[in-house]
Structures are given as structure tokens and as C-alpha cells.
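Counting begins at 1 with the first residue of the sequence.
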Amino acid sequence: MLIMRFFTVVFFVTMVWSQAGMAQFVVEQAEATSNNNENEYTIYTPQGEAVSIQKYPGSIEFLSAGYTVAGFEQMSISPGKNMFAFLHRQDNAYRAEVYQENGQKVNAIEEIDTYDPDDPSPKVYVMDNGELFYRYNISYFNHYDSGGERLETINNSSDSQRGEKISDLKMMPRSNAVLLYNARILYGDDRVGSRLRYYDGNGDPKTIFRSGNRYINGISFSPNGQLIILHLINEQTGNHYAQAIDTNGNELHALDYEGFEPVELTIGNNGRYLTSRGSGRVVVHDLQTGESLGASSFRGVSTLAATYASSHNSIIVLGGSLSESTRRLSNLQLRVVNIDERSINTEDIDGEYSWHDILDLEIQPDQPGRFRITGINRELDVRL
């Protein structure tokens, strides 16, 4: 297997962009969600069905079923948005519930654990097939089938004598496999490393990545789930890196960001183009060549989501401000950077919008030349 390693300095080349006088794209509210209120969100099942939910502090209402789940301490949504899991605590016991997107209860696990005030780690994760993982005691995961029967208990401790951060789990798209990882493992000489393990329910988890001096700041996937993108940071130097691996741990690509600190990494449908979003800057790389295709910077607003439209050789960026207390979005604008023409077109977005962190804010391809901004209460359609 050919492994391509490249290191790119993203600020050594300055490109001159022109600000176009007239926008060359159209952005408008998606008709299906235009009447949603600030707490109403539309999700789409793997079958393409649209389902509406209401999100309030501490409760979720499944509008199609007229059923509300309230009083939970933590919740999870499956990658395909067709399963919801809730962790409840009553007195000294935890219990877990799993619901379909239509509000129908799939199963409930009574007394899944005993409440321990000294354990900050209890959390549930649900998969598209209704299977459930329950994390507890810092590094342990119980795996349950869709009927609530426990299949396996996994200890994800790295056994580092210096300590480690609470273990976490990432569900893989289009798969019944998960990634178990130790995002921060303390080693000698003040080094902070990490470890990533692949688990598909068959046998023990398999270690597919390990580092003694870089910790995992984020994990993302290609849409088919076959390519795993690790956002890594060297705590001693402050440098950021992207590393692409497959589910067997083979390193396919590596990227060194010098002078740039991304907050989110996303990869397009063909698994070739990597979009690296910083708080005020977006950079796109071709993973096959290592070339930096282009970049765009924002002033006055933060970047909220970004993607690369390879068919139009353009970077699409949603910018704006988010109120952490109200979850309302303001000063929204969409920017399209045409790399071939070296032009930037920006449109202010009118209307009121909100975004709760139960859903990812994404710019997703819809049809050729069309994209949809999802995760907000009133979705936006973009036509290039």
C-alpha cells in the first residue's frame, strides 16, 4: 500500500482574491423547515424520512408521536439519526432508554448502574441498529444488544502510571463498529499521547493508532466511514496535525499545520479533499497530492461550518455568531470562494436561527451544485 506523507505550510503562499460585486449563488430557507420554531429541528432517517423534534432544556418531544422524554441527565443520537438513547437517574440508580425517531420505545435497561457521586463518566451511546454502549468508571464500556441484553464489558484503560483522560467512544457512520479512544494519556517528560481502538463486536478491540506525544483533539470520517481523520496536537510544541488512517490502522496521509489551529476537519464524499476549519480561517487540501488548494479568512464573525465543492472548485463557509446561553445564531453570512477565479462572494442571511449541540452543524451535498446546511432549526439550501 502506498503511503503518502506530506507536510504543508499553509501561510507561506499568499493568494490575492477579488471581491465580486454580485453574488453568484443562491441561499434560501429550505421549504420543509421554514416554519420550524426556535426549538424545533428536523432530522432525516437513513431512509430519507424527515422527522421533527422539539428540544428544550432537559426534554425532547417527538412531534409525530406527541411523546416527550424528560428529566434525563444525558442523551445520544445514532449516526443515522434514527435512534435516541437517554440516561436517567433516580435516587441511587441509573437506567437507560432507547427510542426510535418516531417516539416508539425500543427497549429500557433498568438499573444499568448504581449512582456514584465520585464517578463523572456515566454516558450512553446508541447505534443505528438500537445497540447501546454505557460508559462508567472512567474507562469501562458495557455493550448491549437492541433487546437490552449485555453482550460484552470492555476495559479501555491504557494502564498509564501517570494517568489518562476519561475514555470516549465514537460511532462510525454506515457501520456497526465503534472507535474507543484515550484522547489524552500522560507519559514521562510531560508528554501527552493518545490511543485509538477499533471494535466491531467480534473479539477484543484492536489498537489502530497510538502516539506518545500527540493527543487526539477530534475524530471525523469520510461519508462511507472507511477513512478516519484524526486531529492531533502536540502539547509541548502547540502544533496541529491531521492524520488519515483506515480501519486497519494503515496511515494513508499526514498533514502538518504550521501556524494554523483548526477546530474541525471534514472530508468530502470522494474522500480526497480535506476541509480544515479554524475559528476565523478555512483551508482546503487535496489529500492525494498534499497541495493546499485555497483558503479564506473571516473578520468580525466566527466560522460555523465549511466544506469544499469540488465540482465548482469552491470553498463554502457559513459564518456568524452563536450565543452559548440562548443557542441563537446571529450575523449569519455565507461565503463562496471560487479558487479558479480567485473571487469571493458573500451573502448576508436574513431570519432567525438557532442551533443546539444535539445535532452537528454541517454543509452537506444534496444534488449536483446544491448543498443543504443542516443542524439548525431552519435549514438552508445553497445553489451554486
Task: Val178 side chain reached by His143 side chain, heavy atoms, under 4.5 Å - done: no

- [ ] Using only heavy-atom distances, determine whether the side chains of Thr153 and Asn142 contain a donor-acceptor pair under 3.5 Å.
- [x] yes

Open item on the list: Atom OH of residue position Tyr140 - does it have more than 12 heavy atoms of other residues, nucleotides or ligands inside 6.0 Å?
Closed with: no

Open item on the list: Please say yes or no: joined through hydrophobic side-chain contacts below 4.5 Å, possibly via intermediate residues, are Leu322 and Ile349 part of one cluster?
Closed with: yes

Open item on the list: Is it true that, when you exclude Glu111 itself, more than 12 heavy atoms of the residues, nucleotides or ligands shown sit nearer than 6.0 Å to its CD?
Closed with: no

Task: Ring centre gap for Phe260 and His240 strictly below 6.0 Å - done: no

- [ ] Classify the side-chain pair Thr346/Gln333 by whether it contains a donor and acceptor separated by less than 3.5 Å.
- [x] no

Task: Criterion ring pair (Phe, Tyr, Trp, His ring centres under 6.0 Å) against Tyr67, the qualifying member of Phe62, Phe84, Tyr99 - done: Tyr99

Task: Heavy-atom donor-acceptor pair, Asp128 side chain to Gly80 backbone, under 3.5 Å - done: yes

- [ ] Report yes if some heavy atom in the side chain of Leu380 is under 4.5 Å from a heavy atom in the side chain of Glu28; otherwise report no.
- [x] no

Task: Short N-O contact, Asp381 and Arg370, less than 4.0 angstrom - done: no

Task: Sub-4.5 Å side-chain heavy-atom contact between Tyr144 and Ile109 - done: yes

- [ ] Check whether more than 12 heavy atoms from other residues, nucleotides or ligands sit under 6.0 Å from atom CG of Asp204, and answer yes or no.
- [x] no

Open item on the list: When you measure from the side chain of Asn234 to the backbone of Arg214, do you find a donor-acceptor pair of N or O atoms at a distance under 3.5 Å?
Closed with: no

Open item on the list: I'd like to check Ile228 versus Tyr198 (side-chain heavy atoms, cut-off strictly below 4.5 Å). Are they in contact?
Closed with: no

Open item on the list: Grouping I, L, V, M, F, W and Y whenever their side-chain heavy atoms are under 4.5 Å apart, do Met75 and Val98 come out in a common cluster?
Closed with: no

TODO: Apply the test side chain to side chain donor-acceptor pair (under 3.5 Å) to residues Asn377 and Lys55: give CA-CA distance (whole Å), side-chain angles for both, the deciding distance (0.1 Å), then the verdict.
DONE: CA-CA 10 Å; Asn377 63 323; Lys55 173 67 173 70; over 6 Å; no

Task: Side chains of Arg372 and Tyr44 in contact at under 4.5 Å (non-hydrogen atoms) - done: yes

Open item on the list: Under a 4.0 Å threshold between the charged nitrogen and the carboxylate oxygen, would Glu352 count as salt-bridged to Arg328?
Closed with: no

TODO: Indicate whether the side chain of Ser167 and that of Asn182 have a donor and an acceptor atom separated by less than 3.5 Å.
DONE: yes

Open item on the list: Tell me whether Glu97 is salt-bridged to Arg95, with the criterion being a basic N under 4.0 Å from an acidic carboxylate O.
Closed with: yes

Open item on the list: Applying a strict under-4.5 Å side-chain criterion to I, L, V, M, F, W and Y, I'd like to know whether Ile138 and Phe141 cluster together.
Closed with: no

Task: Over 12 foreign heavy atoms within 6.0 Å of CZ, Arg174 - done: no

- [ ] Please tell me if the side chains of Tyr41 and His356 come closer than 4.5 Å, counting only heavy atoms from C-beta onward.
- [x] yes

Task: Distance-only side-chain donor-acceptor flag, Ser160 / Ser158, under 3.5 Å - done: no

Open item on the list: For residues Tyr257 and Leu252: do they belong to one hydrophobic cluster (side chain heavy atoms under 4.5 Å, members Ile, Leu, Val, Met, Phe, Trp, Tyr)?
Closed with: yes

Would you mind writing out the side-chain donor-acceptor pairs for residues 361-368 within the sub-3.5 Å range, not counting sequence neighbours?
| residue | atom | partner | partner atom | Å |
| --- | --- | --- | --- | --- |
| Glu362 | OE1 | Gln364 | NE2 | 2.6 |

- [ ] Would you please test His231 and Tyr241 for ring pair (Phe, Tyr, Trp, His ring centres under 6.0 Å) and show each step?
- [x] CA-CA 6 Å; His231 177 193; Tyr241 310 88; 9.3 Å; no

Task: Straight-line distance of Leu265 CG to Ile219 CD1, nearest 0.5 Å - done: 11.0 Å

Open item on the list: Check the orientation of Tyr115 and Tyr94. Use parallel for under 30°, tilted for 30 to 60°, and perpendicular for over 60°.
Closed with: perpendicular

- [ ] May I ask whether Tyr353 and Ile316 are part of the same hydrophobic cluster, defined by side-chain heavy atoms of I, L, V, M, F, W, Y residues being less than 4.5 angstrom apart, directly or through others?
- [x] yes

Open item on the list: Assess, by modelled atom type and distance only, whether the side chains of Arg195 and Thr207 contain a donor and an acceptor separated by less than 3.5 Å.
Closed with: no

Task: Test item: side-chain donor near acceptor, Arg281 and Ser297, under 3.5 Å - done: yes

- [ ] Answer yes or no: is there an ion pair linking Arg135 with Asp168, defined by an N-O contact shorter than 4.0 Å?
- [x] yes

Task: Centroid-centroid under 6.0 Å between Phe72 and Phe86 rings - done: yes

